[in-house]
**Student:** 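Take this structure, written in structure tokens, and hold onto it; I'll ask about it next.
Since the model is a prediction, treat every value here as computed from it, not as a measurement. Proteins come first, then strands; the chains are lettered A, B, ... in the order of their sequence lines, and each starts at number 1.
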Amino acid sequence: MALTLQTIKNRSTFVHIRNSGNFIKGEFINVQFLEDSSLNGAMAVGFTATKKVGNAVKRNKAKRLMRELARKVLIKYGKINSYYVLIAKNSIFSASFATLEMELIKLISC
RNA sequence: UCAGAUGGUGCGAUGAUCGCUUGAGCAAUCAAGAGGAAAGUCCGGGCUCCUCUGGAAAAUAAAACCAGGUAACUCCUGGCAGACGUAAGUCUAGGGAAAGUGCAACAGAAAAUACACCGCCCGAUAGGGUAAGGGUGAAAUGGUAAGGUAAAAGCUUACCGCAUGACUGGUAACAGUUGUGGCAAGGCAAACCCUUUUAGGAGUAAGGCCAAAUAGGAAUAACAAUUAAUUUCCAGUUAAGUUAUUCGGGUAGGCUGCUUGAAACAAAUGGAGACAUUUGUUCUAGAUUAAUGAUCAUCAAAUUUAGCAAUAAAUUUACAGAACCCGGCUUAUGCACCAUCUGUUGCA
RNA sequence: UGGGGCGUCGCCAAGCGGUAAGGCACCGGCUUUUGGAGCCGGCAUUCGUAGGUUCGAAUCCUACCGCCCCAG
């Protein structure tokens, strides 16, 4: 499977997704989702950890966790030609990795 | 044993699987990959650009016991003085109040030139002498004792304090000894200020290079049946216009700056120490939505729960993430360990 | 990266070396049949935190914490 996972790097695309995409609320992470046919069969992921999550160490840790989740979950279950933005919540550190996986699968599939 | 002082060290280890960043390689793959504070951005430098021929003064800001260390510092080391502590030790913006200006609520007679409010003494009053006694205040113009006097007073003497000359020790700050003076010079300079010393400004988003699209600029050539100016007409010229080519500036973006450096480690030598010198070995992060993670196993540590205990289960560790680079300071920090030292109690 | 400012009662704030003004809100009382309005009284013990200077600090100095603004 030749599915490539791009990362979103521009602020303008983040704003675009936030304005026109869907917002799905979860227990540990929130997801923003937008379908776009101009991606040519790829999938793009962005990660957001605000200052509410904690200091720099905690924000980095949250991003790493979400990156790992994206690699394991989104490649299998995600839709092609779509943007995903994962937003960390404060409770992400209290959950184990397996529960996070289950949560993300549930959020994506609905 | 308990309580403390100073200085220092470490932060999980090993293996497997899946991944991330950089470098090398055609490729397979191989190698490397966060800290003592990376933090706050509080100081000092390197590096780069700007201003200036070079300097000086003013202004502003900072520093302020002595000697040394350092590329430099407001940093560090050693010492001196003062304060605190039973002690080991700790702390100190620690120059100048006799250049000048200013401040001190309330209370108190008086808060700074003691014009004496009460009191004491002389005296018939007027007036004079007197800082010993008022009980205020944070602070009241040397303290105690004796002599002295009308009452008093460094007025005199002794001791203590203070100031100052000389000598001795010390590189010096300073300390000690001894003589002299007879108390003069109250406090606040983290109030203004004075003295001495230091400082040009901006920052790697500095600076350098490459360079789309769009818009605009310049040059050259061509087109003219157009418009305007040259008083009118014709020709010419100039300025507008269109097309083509070229040029440089420059935005997005990219490359560089970027990691070999006052470098790290080890040993020896010098020094009381900070530190310096020599020799050897090593190359040790370079991201830009910003790289170190996830899962499993064993061992080690901590916490919680259950248990009389052995032990079992769960959770993972404190503070915290490089962003041009060094030297410091400050702040945040759990646990374990090491070295030297002090006091107390008990025993010998 | 560099520069500047603020923090005082629940809210808005004055004071800038000598016992922390005021307004709104809140509480109690008076008045009223009741409420409102009015009148009287009450409400700051670490002046963001810690240390220092001083006889004395909200005020001066130093270091932290939080918030806001400006330039690039």
Side-chain angles (χ1 to χ4, degrees):
Chain A
M1 105 192 232
L3 182 60
T4 53
L5 202 64
Q6 299 175 354
T7 51
I8 306 169
K9 302 198 173 183
N10 269 329
R11 181 173 159 71
S12 53
T13 46
F14 271 99
V15 172
H16 174 66
I17 293 163
R18 192 185 65 204
N19 287 337
S20 54
N22 300 324
F23 187 89
I24 310 167
K25 236 181 175 177
E27 198 180 341
F28 306 110
I29 43 177
N30 297 335
V31 178
Q32 284 173 343
F33 168 71
L34 177 65
E35 281 201 62
D36 193 344
S37 56
S38 67
L39 278 166
N40 299 326
M43 198 190 296
V45 192
F47 308 99
T48 302
T50 59
K51 272 195 174 176
K52 281 182 190 171
V53 174
N55 55 15
V57 175
K58 287 184 180 168
R59 294 202 297 271
N60 265 342
K61 178 95 178 175
K63 280 191 204 172
R64 283 168 190 154
L65 283 173
M66 290 191 291
R67 213 171 284 138
E68 191 72 20
L69 281 173
R71 261 192 338 102
K72 292 201 167 171
V73 176
L74 281 185
I75 284 182
K76 285 185 189 169
Y77 301 99
K79 294 174 188 168
I80 297 173
N81 288 349
S82 52
Y83 289 108
Y84 287 97
V85 175
L86 309 185
I87 302 169
K89 298 182 76 173
N90 213 353
S91 55
I92 195 169
F93 302 109
S94 60
S96 70
F97 192 78
T99 54
L100 287 177
E101 274 187 272
M102 295 301 295
E103 161 123 351
L104 186 58
I105 291 167
K106 205 174 73 187
L107 287 179
I108 284 174
S109 55
C110 66

**Student:** Hey, any chance A:Met102 and A:Leu86 share a hydrophobic cluster, counting ILVMFWY side chains that come within less than 4.5 Å of each other, even indirectly?
**Tutor:** no
**Student:** Nearest whole Å is fine: how far is B:U295 C1' from A:Arg64 CZ?
**Tutor:** 17 Å
**Student:** Provide the distance between the two C1' atoms, one in B:A153 and one in B:G182, to the nearest whole Å.
**Tutor:** 13 Å
**Student:** Syn or anti for B:U284, taking syn as within 90° of 0?
**Tutor:** syn
**Student:** OP1 or OP2 of B:A291 sitting under 4.0 Å from any side-chain N/O of A:Asn60?
**Tutor:** yes
**Student:** Is any side-chain N or O of A:Lys61 closer than 4.0 Å to OP1 or OP2 of B:A294?
**Tutor:** yes
**Student:** Taking atom CD of A:Glu68 and atom CG of A:Leu100, what is their separation to the nearest 0.5 Å?
**Tutor:** 11.5 Å
**Student:** Taking the chi torsion of B:G96, is it syn (within 90° of 0) or anti (everything else)?
**Tutor:** anti
**Student:** Starting at CZ of A:Phe47 and ending at C1' of B:U289, how long is that distance when rounded to a whole Å?
**Tutor:** 9 Å
**Student:** Between B:A5 and B:U86, how far is it from one C1' atom to the other, in whole Å?
**Tutor:** 14 Å
**Student:** Would you kindly give the CD-to-P distance between A:Gln32 and B:U289, to the nearest whole Å?
**Tutor:** 18 Å
**Student:** Any idea if B:U168 is syn or anti, going by the 90°-from-0 cut?
**Tutor:** anti
**Student:** What does B:C155 pair with, Watson-Crick or G-U, if both distances are under 3.5 Å?
**Tutor:** B:G147
**Student:** Write down the partner of B:G203 under the Watson-Crick or G-U wobble criteria, each distance required to be under 3.5 Å.
**Tutor:** B:C47
**Student:** Can you measure A:Arg59 atom CZ to B:U288 atom C1' for me and round it to whole angstrom units?
**Tutor:** 16 Å
**Student:** In this structure, how many angstroms lie between the P atom of B:G19 and the CE atom of A:Met66, rounded?
**Tutor:** 21 Å
**Student:** Is the closest side-chain heavy-atom distance between A:Phe47 and A:Ile29 below 4.5 Å?
**Tutor:** no
**Student:** Would you mind calling B:U289 syn or anti? Take O4'-C1'-N9-C4 for purines or O4'-C1'-N1-C2 for pyrimidines, and syn is within 90° of 0.
**Tutor:** syn
**Student:** My understanding is that a pair needs two contacts under 3.5 Å, Watson-Crick or G-U wobble. By that rule, which nucleotide pairs with B:U86?
**Tutor:** none
**Student:** Please report the interatomic distance NZ(A:Lys106) to CD1(A:Ile24), rounded to the nearest 0.5 Å.
**Tutor:** 12.0 Å
**Student:** Is there a Watson-Crick or G-U wobble partner for B:A71 with both distances under 3.5 Å, and which nucleotide is it?
**Tutor:** none
**Student:** Can you check B:G36 for me, syn or anti if syn means within 90° of 0?
**Tutor:** syn
**Student:** For A:Arg67 and B:U289, what is the distance between atoms CZ and P respectively, to the nearest whole Å?
**Tutor:** 11 Å
**Student:** Considering only heavy atoms from C-beta outward, does the side chain of A:Leu104 approach that of A:Val31 to under 4.5 Å?
**Tutor:** yes
**Student:** Write down the distance between CG (A:Leu100) and C1' (B:U295), rounded to a whole number of angstrom.
**Tutor:** 14 Å
